[in-house]
Protein chains: 2
Amino acid sequence: MKSSSRKPVLAVPGRATSYDVARVAKVSQSAVSRCFKPGASVSSKMRARVMKAAEELGYRPNAIARSLITRRSNMVAVVISQQTHRYFPELLDELSRGFSARGIRVLLFTLEKESDIDVVLEQILQYQVDGVVEAARLSGEQVDMLEKRGVPFVFLNRSLRDRPVNAVCCDQAEGARWLVNRLVEAGHRSFGIVSGPADSVVSAERTQGALERLGELGIRQVAVVPGNYSYESGAAGLRLLESKLGRVPEAVICANDVMALGCMDAARHDLRLGVPADLSVVGFDGVGPARWKSYDLTTVQQPVRRMAEAAVSMIVERIEDPTLPPEKRTFSGILTHGSSARLRKP
Amino acid sequence: MKSSSRKPVLAVPGRATSYDVARVAKVSQSAVSRCFKPGASVSSKMRARVMKAAEELGYRPNAIARSLITRRSNMVAVVISQQTHRYFPELLDELSRGFSARGIRVLLFTLEKESDIDVVLEQILQYQVDGVVEAARLSGEQVDMLEKRGVPFVFLNRSLRDRPVNAVCCDQAEGARWLVNRLVEAGHRSFGIVSGPADSVVSAERTQGALERLGELGIRQVAVVPGNYSYESGAAGLRLLESKLGRVPEAVICANDVMALGCMDAARHDLRLGVPADLSVVGFDGVGPARWKSYDLTTVQQPVRRMAEAAVSMIVERIEDPTLPPEKRTFSGILTHGSSARLRKP
DNA sequence: ACGTCGCTTGCATTCGAATGCAAGCGCATC
DNA sequence: GATGCGCTTGCATTCGAATGCAAGCGACGT
């Protein structure tokens with residue numbers, strides 16, 4: 001008889017604790033703990049015994065218990081709106097990749113509306129995450145809360161004016177100005193702009209940047225109509241522009257690619273116009289479909305991968321050293337020439 | 001002087017524990033705990049005092065500590081390959097929505113290759129998640145591990161033949177047979193199939209289903225070429241088919257929509273063929289771009305939302321009652337008529 | 001005034017791993 | 001064989017919240 005009925009080897013089968021392993025290996029619990037801590041001082045004999053017992057029992061260190069004592073959960077929260085996620089799944093992929101390469105897990109929070117953020121923030125704080133990536137907007141008080149708790153966080157593509165916070169951005173206005181420059185330089189004189197949802201900072205920056213540059217260049221024929229980032233709203237946008245200007249503008253700037261594609265399709269299929277022969281269409285983001293042959297969109301691509309990588313390393317650095325000062329990193333977009341716009345050869 | 005220097009109110013500012021709150025409110029720690037547990041027996045006077053102190057200190061219950069004692073982390077792991085995620089971001093959205101509506105957080109694991117699953121599984125077990133959604137394949141031993149640990153899990157669109165496990169699927173073969181039926185009925189006699197990556201079960205089922213039905217209907221002119229689910233491989237697939245058959249087939253069945261779109265573009269732009277005039281193209285999935293006017297693809301749509309919801313509730317039920325027997329739920333795809341295929345009017 | 005009942009509250013323990021400290025052990029040296 | 005050094009190991013405590021149990025309290029009836 002190996003063991004009396006006094007103590008079963010395992011209370012719950014398949015859920016061994018370090019004590020169970022210790023008992024089987026006839027060593028102390030601390031020894032077991034040390035065997036699973038890289039760089040700890042353990043003799044090879046001990047390690048072998050413990051590992052054997054652990055193997056037998058199917059022991060896995062309990063990350064929850066570990067987090068409690070080490071005050072490190074090795075989890076970061078990623079907050080992203082469904083909008084953003086739908087159009088940019090690769091953002092989440094890259095974040096996940098970056099964090100997991102550094103031994104950090106991602107606790108995901110998707111927002112149906114950006115205003116759901118307060119409930120979510122409460123959750124985040126309860127879960128003791130080591131850091132937060134915010135691809136959503138936060139109010140001043142919400143930022144206060146995070147700062148007061150000492151949780152490192154970084155904004156992705158939205159920042160807080162007049163406040164030193166960590167942020168990774170793509171310079172939307174700059175990209176917009178480029179696009180305008182190239183379009184005007186190629187002779188376009190009347191412009192339509194299809195903006196994104198009212199609560200999108202990114203859309204506002206793109207629209208603002210374009211308008212500003214158009215103003216500087218003395219272009220007067222400009223109309224702005226609202227969209228919501230969807231394909232349908234891009235198509236609808238073109239019709240709105242037509243009725244607003246009395247005719248189709250020579251160039252349409254859409255606040256994202258998907259709307260630009262909708263706009264192109266509306267022009268070609270509904271209005272029977274040539275793109276770029278009769279009108280030029282440009283967008284922002286550089287999503288996959290923009291490169292497809294039916295579209296070949298001229299756009300300003302966001303360096304998603306770099307941005308995600310930057311966000312990851314900014315967070316990780318600040319988990320290691322919370323005293324690092326806030327930092328803003330701004331990337332330029334990448335002007336991608338397609339055939340959806342009539343431009344001078346680059 | 002409110003308090004002597006002996007004990008500061010908070011060790012780490014902004015990270016109050018239930019003990020801190022208890023001290024400030026001059027009650028016991030258990031009282032604080034009870035105030036944050038819905039349905040506990042607490043007098044309103046007590047609750048008011050505790051809440052006031054908690055407010056002052058910015059107290060949030062520590063979910064990690066709670067999980068340790070309750071043996072419930074209120075987290076589920078979602079495992080998804082980057083492939084799947086890129087083409088189906090809405091799947092993750094819906095899962096996240098469903099779980100968070102039930103007070104459960106999602107711990108995300110994305111796989112670059114499905115073979116990375118073993119490392120990830122190890123992580124999952126350490127994190128004491130209450131359940132797992134697997135949109136990835138698992139080996140028999142891996143399933144054993146999960147079962148031995150008593151962690152409820154459900155497969156999404158991949159199952160284990162000959163084994164009672166929880167799974168939510170879309171009947172791929174059925175959809176494939178439908179497509180073939182409609183195409184043959186409309187007079188198509190030569191077929192090309194662009195399959196997905198070799199390790200994709202879904203692709204195999206679609207391809208197999210189509211081949212089987214074609215065989216039953218006595219269609220002999222059939223070629224299968226490999227793809228990898230990407231737009232480019234859809235376009236390349238058409239060229240492969242052409243060289244394999246000596247000419248372009250009358251109908252091309254692609255193992256997913258994105259390849260179908262690539263195939264359509266290759267036909268129209270490279271080969272200057274009319275779709276559906278010169279060839280019919282169909283796909284699977286029902287992704288957004290398939291509905292765009294430039295494509296208007298005929299496809300078999302997966303009821304992603306229903307499937308995600310089913311997966312969520314299957315997991316949640318089994319967290320509540322682990323004795324529930326395994327269950328497989330299979331949804332039919334939704335045949336969506338577009339104009340990319342020449343079919344008889346429905 | 002005393003007993004009873006029911007609701008509140010606090011005490012003490014628990015969950016599982018990490019870690020500072022001190023004891024233990026082996027080995028080499030003189 | 002005694003001494004000393006350094007590596008291993010175990011002991012005891014800690015992290016923060018939940019909870020069974022028993023004591024406390026108040027109200028009410030007799």
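Note on naming: letters A, B, ... go to the chains in the order of the sequence lines (proteins, then strands), and numbering restarts at 1 for each one.
Counting non-hydrogen atoms under 4.0 angstrom, A/V42 reaches the backbone sugars and phosphates but no base. A/V32 comes within contact range of no nucleotide atom at all, as no heavy-atom separation falls under 4.0 Å. At a threshold of 4.0 angstrom between heavy atoms, the contacts of B/F36 with the nucleic acid are absent.
For the OP1/OP2 pair of C/dA17 and a distance below 4.0 Å, the side-chain nitrogens and oxygens of A/S18 include at least one atom meeting the criterion. For D/dA17, one of the phosphate oxygens OP1 or OP2 lies less than 4.0 angstrom from a side-chain nitrogen or oxygen of B/Y59. For the OP1/OP2 pair of D/dG16 and a distance below 4.0 Å, the side-chain nitrogens and oxygens of A/R71 include at least one atom meeting the criterion. Phosphate proximity of C/dG10 to B/S28: present, with a side-chain N or O under 4.0 Å from OP1 or OP2. OP1 or OP2 of C/dA18 lies within a sub-4.0 Å distance of a side-chain N or O belonging to A/R66. For D/dT19, the OP1/OP2 oxygens have a side-chain nitrogen or oxygen of B/K37 closer than 4.0 Å. For A/R15 and C/dG16, the shortest distance from a side-chain N or O to OP1 or OP2 is not below 4.0 Å. One finds a side-chain N or O of A/S41 lying less than 4.0 angstrom from the OP1 or OP2 phosphate oxygen of D/dT8. A close approach under 4.0 Å does occur between a side-chain nitrogen or oxygen of A/S43 and OP1 or OP2 of D/dT9. Phosphate contact (OP1/OP2 of D/dA17, side-chain N/O of B/S33, threshold under 4.0 Å): absent.
No side-chain N or O of A/S30 forms a donor-acceptor pair with one of A/S33 less than 3.5 Å apart.
Closest to the side chain of A/M46, out of C/dA17, D/dG10, D/dG16, is D/dG10.
Between B/L125 atom CG and C/dG16 atom P there is a gap of 16 Å when expressed in whole angstrom units. When the C1' atom of D/dT19 is taken as reference, atom CZ of B/R72 falls 16 Å away, rounded to whole Å. In this structure, B/Y19 places its OH atom 13 Å from P of C/dG10, rounding to the nearest Å. In this structure, B/I69 places its CD1 atom 12 Å from C1' of C/dA12, rounding to the nearest Å. Between the CG atom of B/D20 and the P atom of D/dG16 there is a distance of 8 Å, given to the nearest Å. Atom-to-atom, CG of A/N62 to P of C/dA18 comes out at 9 Å; the value is rounded to the nearest Å. Taking atom CZ on A/R47 and atom P on D/dT8, their separation rounds to 10 Å, with Å as the unit. What separates NZ of B/K26 from P of C/dT9 is a distance of 17 Å, to the nearest Å.
The base of C/dG10 sits within donor-acceptor range of the side chain of B/R34, with an N or O pair under 3.5 Å.
Note on ring orientation: taking the six-membered ring where Trp is involved, the planes of B/H85 and A/H85 are parallel (angle under 30°, cut-offs 30° and 60°).
B/V168 pairs in a side-chain contact (heavy atoms from CB on, under 4.5 Å) with only one of the listed residues (B/V154, B/V133, B/N157), which is B/V154.
Judged by closest nucleotide on DNA chain C, B/S30 is the one of B/S30 and B/L68 placed further toward the 5' end.
By the 4.5 Å heavy-atom criterion applied to side chains, A/N74 and B/Y127 are counted as neighbours.
B/R306 CZ: 12 or fewer foreign heavy atoms inside a 6.0 Å radius.
Here the closest heavy-atom approach between residue A/S96 and residue B/T110 is recorded as OG-OG1, 2.7 Å.
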